[in-house]
Amino acid sequence: MEVEGVGGYYGWSSSQFPLLSQKKLAAGLFLLQPRAFVQPYYSVSSKIAYVCQGECIVGLISSEDSKEEVIKLQKGDTLPVTMKEVSWWYNDGHSKLEIIFLGEYDDEYTPGEYCGFFLTGFTGILNGFSNEIIAKSFHMTKPEIENRRKDQSSSNIIIKIKEDKKMPHPCNKNAEHKLVFNLDSTKNCTVQVKNGGILSAVTSRNLPLLRDIGLSANRVVLEGGALFGPVFTADLSVQLSYVTKGSGRVQIVGPLCKTVLDTKVEEGELFFIPKFFPFVVEADEGGMEFFSVITSSKQVYGGLSGGKKSIWEAISPSVLEISLNMTSDLTESFKSKIAKGAVIAPPSTI
């Protein structure tokens, strides 16, 4: 869905990405020019929005209390959007706005795609009811309803707002603190490796609202040639990732040491990680960045790489010696190297 000169919404259909419908996941992308406005929309799914570039104002109206929260978002911000909410989006900046939505869906009509209804515009839900019903419900005359419907019939779901129109001001900082978490901020880094990259994560510990929707998110930035992993989701969760910048290689290993995926991914593409499947992401020479949503609010990774949280580090030396068929000296050397590492590894000269 695209409006020339204004912007568009782009999704991945289940025919293009069958795993989305199989795993009840969905992905969508907003690309909005300055002053572009997305009309109020009710979604039947929960998701996390990530601002890849630009800035915007978002309105959230909960169906539980019918109160509107107006939020200011900047590059790097994440915002959970629940299935209880109506939302509208406005690019109040001076450059293009790009927002990726990743999450789950609960809808039987369009598997693998976000679905819901618009309140206004030519596809607005009110246009589906008769003039008589709407007139009674809104205490208006039939001519008034007919005029409103004519106005709406030519209104796209994404429109450009005139400069003289004033939009609502963002709410207080306390509300934003409960709803927004910035993954681009260096102070929110979970892991930072020199010449390797960074990992930033948002879970229910940072943002309690995520506990209600059962999702969490992270952002990985890799320098050229750096590695993320191998790791795996250590619970029943799966991971859906979107490449926000650069390119690289994704390798996933399934049961019985079978490589189930070994492919190159580029900016604008998705990749999916099944539960319990170890995976590695290796950045190309120009580096790579990707944003992921995990179907768990806690986000528990099993570490098969280096670092203090590595499974290799935790295993007793004697067990490692027997399992890997190594001498005690080699086992000691192996564990010491693992201890010095991290989930992100800088480029290797090997």
Quick one: CD on Glu289 to OG1 on Thr244, what's the gap to the nearest 0.5 Å? 5.0 Å

In this structure, CG of Asn156 is separated from CD of Gln39 (nearest 0.5 Å) by 8.5 Å

Less than 4.5 Å apart, any side-chain heavy atom of Lys264 and any of Glu266? yes

Does the side chain of Asp212 come within less than 4.5 Å of Thr82's, by heavy atoms? no

May I ask you to test the Val265-Val281 pair for a side-chain heavy-atom distance under 4.5 Å? no

If you round to the nearest 0.5 Å, how far is NZ of Lys335 from CD of Glu321? 11.5 Å

Side chain to side chain contact (heavy atoms under 4.5 Å, CB included) for Ser328 and Glu332? Distances and angles first, verdict last. CA-CA 6 Å; Ser328 58; Glu332 185 178 345; over 6 Å; no

Could you measure the distance from the CD1 atom of Ile158 to the CZ atom of Phe37? Nearest 0.5 Å is fine. 11.0 Å

Within the 6.0 Å centroid threshold, strictly below: Phe272 and Trp12: no

Verify the cluster assignment for Leu215 and Ile100: are they in a single hydrophobic cluster under the rule of side-chain heavy atoms below 4.5 Å apart? yes

For Leu240 and Ala26, work out which heavy atoms get closest and say how close. CD2-O, 3.8 Å

Close side-chain approach of Leu79 and Phe181, heavy atoms under 4.5 Å: no

Given the side-chain rings of Phe276 and Phe232, with only the six-membered ring counted for Trp, is the space between their centroids under 6.0 Å? no

Any donor-acceptor N or O pair under 3.5 Å, side chains Ser292, Gln239: yes

Would you mind checking if Arg35 and Glu163 are paired as a salt bridge, meaning a charged N to carboxylate O distance below 4.0 Å? yes

Are Ile252 and Asp262 close enough that some pair of their side-chain heavy atoms sits under 4.5 Å apart? no

Can a side-chain donor-acceptor contact be found between Ser43 and Lys47 if the only test is distance below 3.5 angstrom? yes

Between Gln74 and Asn182, do the side chains contain a donor N or O and an acceptor N or O under 3.5 Å apart? no

Minimum side-chain heavy-atom gap Leu102-Ile48 below 4.5 Å: no

Classify the ring geometry of Phe228 against Phe279: parallel below 30°, tilted from 30° to 60°, perpendicular beyond 60°. tilted

Compute the ring centroids of Phe30 and Tyr9, then answer whether they are less than 6.0 Å apart. yes

For Leu222 and Ala283, the nearest pair of non-hydrogen atoms, with its separation, is CB-CB, 3.7 Å

Between Lys275 and Asp235, is there a side-chain N and carboxylate O pair less than 4.0 Å apart? no

List the atom of Tyr42, the atom of Glu85, and the distance in Å for their closest heavy-atom pair. CD1-O, 3.6 Å

Taking all non-hydrogen atoms of both residues, which atom of Lys160 and which atom of Val6 are closest, and how far apart? N-CG1, 4.0 Å

Tyr90 side, atom OH; Leu97 side, atom CG - distance, nearest 0.5 Å: 11.5 Å

Which value, rounded to the nearest 0.5 Å, describes the distance between Lys72 atom NZ and Cys56 atom SG? 7.0 Å

Are Thr203 and Ser216 close enough that a side-chain donor and a side-chain acceptor fall under 3.5 Å? no

So Phe277 and Pro255, do their side chains get closer than 4.5 Å, heavy atoms only? yes

Val180 and Thr78: CA distance, side-chain angles, deciding distance, side chain to side chain contact (heavy atoms under 4.5 Å, CB included) verdict: CA-CA 6 Å; Val180 179; Thr78 56; 5.8 Å; no

Can you confirm whether more than 12 heavy atoms, excluding those of Glu68, are under 6.0 Å from its CD atom? yes

Is the shortest side-chain N to carboxylate O distance from Arg249 to Asp284 below 4.0 Å? no

Please determine if Lys75 and Glu55 form a salt bridge, counting it only when a charged side-chain N lies under 4.0 Å from a carboxylate O. no

Report the residue from Tyr41, Tyr50, Trp89 that forms a ring-ring contact (aromatic ring centres under 6.0 Å, His included) with Phe101. Trp89

Tell me, do Leu29 and Glu98 make a side-chain contact under 4.5 Å, heavy atoms counted? yes

Closest approach of Ser200 and Cys189, non-hydrogen atoms and distance? OG-CA, 3.6 Å

